Each structure stands twice: as C-alpha cells, then as structure tokens.
Visitor: 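Have a look at this one.
Everything numeric in this text was worked out from a predicted model, so none of it was measured.
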Amino acid sequence: MKLLFGLSIFLAMPGFIFPTKEQVRPMYKKAANSEAACKDLIKILAPFNENNNALLSGYKGSATMMMAKYVFNPFSKMSYFNKGKNILENAINTEKNNVELRFIRYCVQTNIPFFLGYKSDIKPDKEFILASLKKLDEIPLRTMIVEYFGEQEDLSSLEKQLLP
C-alpha cells in the first residue's frame with residue numbers, strides 16, 4: 001500500500017509526464033532543426049528503453065543521433081551517432097514489425113552522410129513500410145509516412161502507386 005501511495009505521489013509531481021507518441025512526433029520534427037528541441041526531446045524520452053517502450057526508445061535513439069549535427073567536436077559527433085544508433089537498433093530488434101520504428105530508421109538512413117556506413121536497411125525498410133502502409137489503421141502515422149515519401153525523390157513510379 002505504501003508503494004502504491006508513493007508511486008501515485010511521484011506520478012502526480014509537476015513536470016513528470018509520460019509522453020505519448022502523438023506528443024513526440026511533432027517534437028521529433030522540431031528536433032531536426034533545433035538543438036534546444038532536440039535536447040528537450042532526449043530529456044523527455046530518457047526513461048524509455050526497448051523493454052518499457054520500444055517506440056519511444058526508438059525516437060530517443062534517433063534524437064540522440066540528431067545531436068551529432070549540433071556539436072562541433074568530431075569525437076562527440078561520433079559518440080552521439082553511435083549511442084543513438086545502438087538505442088534505435090535495440091528498439092527495432094525488440095519490435096521488428098513496428099512500422100513506425102522502421103520508418104524512423106528509414107528517415108535516419110536516408111538523411112545521414114554515406115561515410116557513416118549506416119545505410120544497409122534503406123531498401124528492406126522501404127519495402128516493409130510500403131507493404132504495411134495500406135494495412136496501417138493509424139491515420140496520423142500513415143499521413144506522416146505518405147507526406148515524407150511525397151517530399152522524397154526516393155520512390156519509383158511503381159512505388160508511388162502503392163501509396164494510399
């Protein structure tokens with residue numbers, strides 16, 4: 001009983017929130033262009049890992065990789081990138097069929113420099129995402145994916161026909 005009471009007090013503390021994926025998605029977009037937004041996102045997602053919420057952990061991994069573009073030191077850049085990559089890959093290994101996680105990795109891999117050597121999943125992720133898109137019940141996620149693909153020059157005409 002004491003544990004339950006303590007937990008309820010802890011959860012009611014101001015500033016302690018459990019973000020939802022609906023809250024994280026726009027924050028993630030902002031993080032791509034703002035160091036402060038990126039730091040805020042990483043801070044909010046700090047409690048999550050592949051065991052307690054693989055999706056939010058994946059967003060944390062991607063945001064951690066994004067931090068590499070906001071630091072000057074090459075060692076810091078690689079440190080952020082490798083740490084984030086490990087977090088994202090662990091999340092995907094936990095939920096291999098999660099379309100959103102595979103989409104996050106696809107976005108990362110199509111936007112990073114080639115020399116980082118993290119490009120091997122672009123084709124399988126794109127195929128998986130396109131095959132899953134019509135079965136995807138979550139309209140906001142489907143819209144986000146279709147909009148992203150619409151902005152990219154990465155789809156063949158046949159692949160564009162697969163978009164809902």
Side-chain angles (χ1 to χ4, degrees), residues 15-133 136 138-155 159 163:
F16 187 83
I17 59 166
F18 284 111
T20 64
K21 59 187 174 186
E22 293 79 14
Q23 293 167 322
V24 168
R25 288 173 185 154
M27 295 173 74
Y28 180 72
K29 279 183 122 175
K30 287 180 187 173
N33 298 309
S34 163
E35 180 180 4
C38 193
K39 286 179 178 179
D40 289 344
L41 183 58
I42 293 169
K43 184 177 179 181
I44 288 169
L45 297 175
F48 300 101
N49 60 52
E50 70 274 7
N51 297 317
N52 62 19
N53 192 317
L55 179 60
L56 294 183
S57 180
Y59 274 110
K60 177 176 73 173
S62 183
T64 302
M65 283 189 270
M66 271 188 229
M67 274 303 296
K69 77 182 205 177
Y70 299 120
V71 295
F72 179 73
N73 182 312
F75 295 108
S76 296
K77 284 182 179 290
M78 283 306 294
S79 176
Y80 276 118
F81 176 77
N82 287 326
K83 181 179 178 184
K85 178 177 138 184
N86 289 335
I87 294 168
L88 178 57
E89 288 299 322
N90 287 338
I92 292 170
N93 287 334
T94 301
E95 293 187 13
K96 290 177 182 19
N97 293 321
N98 186 311
V99 178
E100 193 162 357
L101 281 172
R102 301 278 294 268
F103 177 66
I104 293 167
R105 179 170 65 188
Y106 176 83
C107 292
V108 168
Q109 290 190 354
T110 57
N111 284 292
I112 61 170
F114 185 78
F115 70 85
L116 290 171
Y118 188 50
K119 299 273 191 183
S120 62
D121 297 298
I122 292 173
K123 186 176 184 208
D125 283 348
K126 179 170 67 170
E127 290 170 357
F128 176 80
I129 294 162
L130 289 172
S132 303
L133 209 48
L136 197 57
E138 193 179 342
I139 303 298
L141 176 58
R142 185 176 349 152
T143 302
M144 181 173 74
I145 293 170
V146 169
E147 285 176 359
Y148 183 82
F149 279 138
E151 296 168 1
Q152 303 302 305
E153 308 272 331
D154 193 31
L155 297 183
E159 290 170 330
L163 295 177

Visitor: For K30 and L41, run side-chain contact (heavy atoms from CB on, under 4.5 Å): C-alpha distance rounded to whole Å, both residues' side-chain angles, the deciding distance at 0.1 Å, then the answer.
Guide: CA-CA 9 Å; K30 287 180 187 173; L41 183 58; over 6 Å; no
Visitor: To the nearest 0.5 Å, what is the distance between CD (E159) and CD (E127)?
Guide: 7.5 Å
Visitor: Testing the basics here: between I44 and P19, what is the closest heavy-atom pair and its distance to 0.1 Å?
Guide: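 In terms of heavy atoms, the two residues are closest at CG2-CG, 3.4 Å.
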Visitor: Without placing hydrogens or testing angles, list every side-chain donor-acceptor pair under 3.5 Å for residues 82-90, not counting sequence neighbours.
Guide:
unit_1	atom_1	unit_2	atom_2	d
N82	ND2	M78	O	3.2
N86	ND2	N82	O	3.3
E89	OE1	R105	NH1	3.1
E89	OE2	R105	NH1	3.2
E89	OE2	Y118	OH	2.5
N90	ND2	N86	O	3.2

Visitor: Any idea which heavy atoms bring S62 and V108 closest together, and the distance?
Guide: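 What the structure gives for the nearest pair is OG-CG2, 3.3 Å.
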Visitor: Can you pull out every ring pair (Phe, Tyr, Trp, His ring centres under 6.0 Å) where at least one residue sits in residues 26-47? Sequence neighbours excluded, please.
Guide: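 Sorted result for residues 26-47: Y28-Y59.
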Visitor: Decide side-chain contact (heavy atoms from CB on, under 4.5 Å) for V24 and F48; before the verdict, give the C-alpha distance in whole Å, the side-chain angles of both, and the deciding distance to 0.1 Å.
Guide: CA-CA 13 Å; V24 168; F48 300 101; over 6 Å; no
Visitor: Take I92 and N98, measure what side-chain contact (heavy atoms from CB on, under 4.5 Å) needs, and give me the verdict at the end.
Guide: CA-CA 7 Å; I92 292 170; N98 186 311; over 6 Å; no
Visitor: Would you give the length of the straight line joining atom CD1 of I129 to atom CD1 of I104, rounded to the nearest 0.5 angstrom?
Guide: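 Here the interatomic distance stands at 10.0 Å.
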Visitor: Rounded to the nearest 0.5 Å, what's the gap from SG on C107 to CD1 on I112? Could you check?
Guide: 12.0 Å
Visitor: Work out which heavy atom in L56 is nearest to a heavy atom in L45; give both atom names and the distance.
Guide: O-CD1, 3.7 Å
Visitor: Answer yes or no: does atom NZ of K77 have more than 12 heavy-atom neighbours from other residues, nucleotides or ligands under 6.0 Å?
Guide: yes
Visitor: Which heavy-atom pair separates L133 from R142 by the least distance, and what is that distance?
Guide: O-CD, 3.7 Å
Visitor: Measure the spacing between CZ of F149 and OG1 of T110 and express it to the nearest 0.5 Å.
Guide: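 Answer for the CZ-OG1 pair, F149 versus T110, is 8.5 Å.
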Visitor: Give, for atom OG of S120 and atom CD of Q109, the distance between the pair rounded to the nearest 0.5 Å.
Guide: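 Here the interatomic distance stands at 5.5 Å.
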Visitor: Considering residues at least two apart in sequence or located in another chain, which fulfil the salt bridge (charged side-chain N to carboxylate O under 4.0 Å, His left out) criterion with K29?
Guide: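 Result, salt bridge (charged side-chain N to carboxylate O under 4.0 Å, His left out) vs K29: none returned.
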Visitor: Decide, yes or no, whether a salt bridge links R25 with E138 under the criterion of side-chain N to carboxylate O below 4.0 Å.
Guide: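 Yes, charged N to carboxylate O under 4.0 Å.
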Visitor: Any sub-3.5 Å donor-acceptor pair from R102's side-chain atoms to K96's backbone N or O?
Guide: yes
Visitor: Return the minimal non-hydrogen interatomic distance between A31 and C38, and the atom names on each side.
Guide: CB-CA, 3.6 Å
Visitor: Measure centre to centre between the rings of Y70 and Y80, then say whether the value is under 6.0 Å.
Guide: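 No, ring centres 6.0 Å or more apart.
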Visitor: Assess whether side-chain contact (heavy atoms from CB on, under 4.5 Å) is satisfied between V99 and I145, documenting all intermediate values.
Guide: CA-CA 10 Å; V99 178; I145 293 170; 3.9 Å; yes
Visitor: Using 0.5 Å steps for rounding, measure from the CG atom of D154 to the OH atom of Y106.
Guide: 3.0 Å
Visitor: Please report the shortest heavy-atom distance between S57 and E50, naming the atom on each side.
Guide: OG-N, 3.5 Å
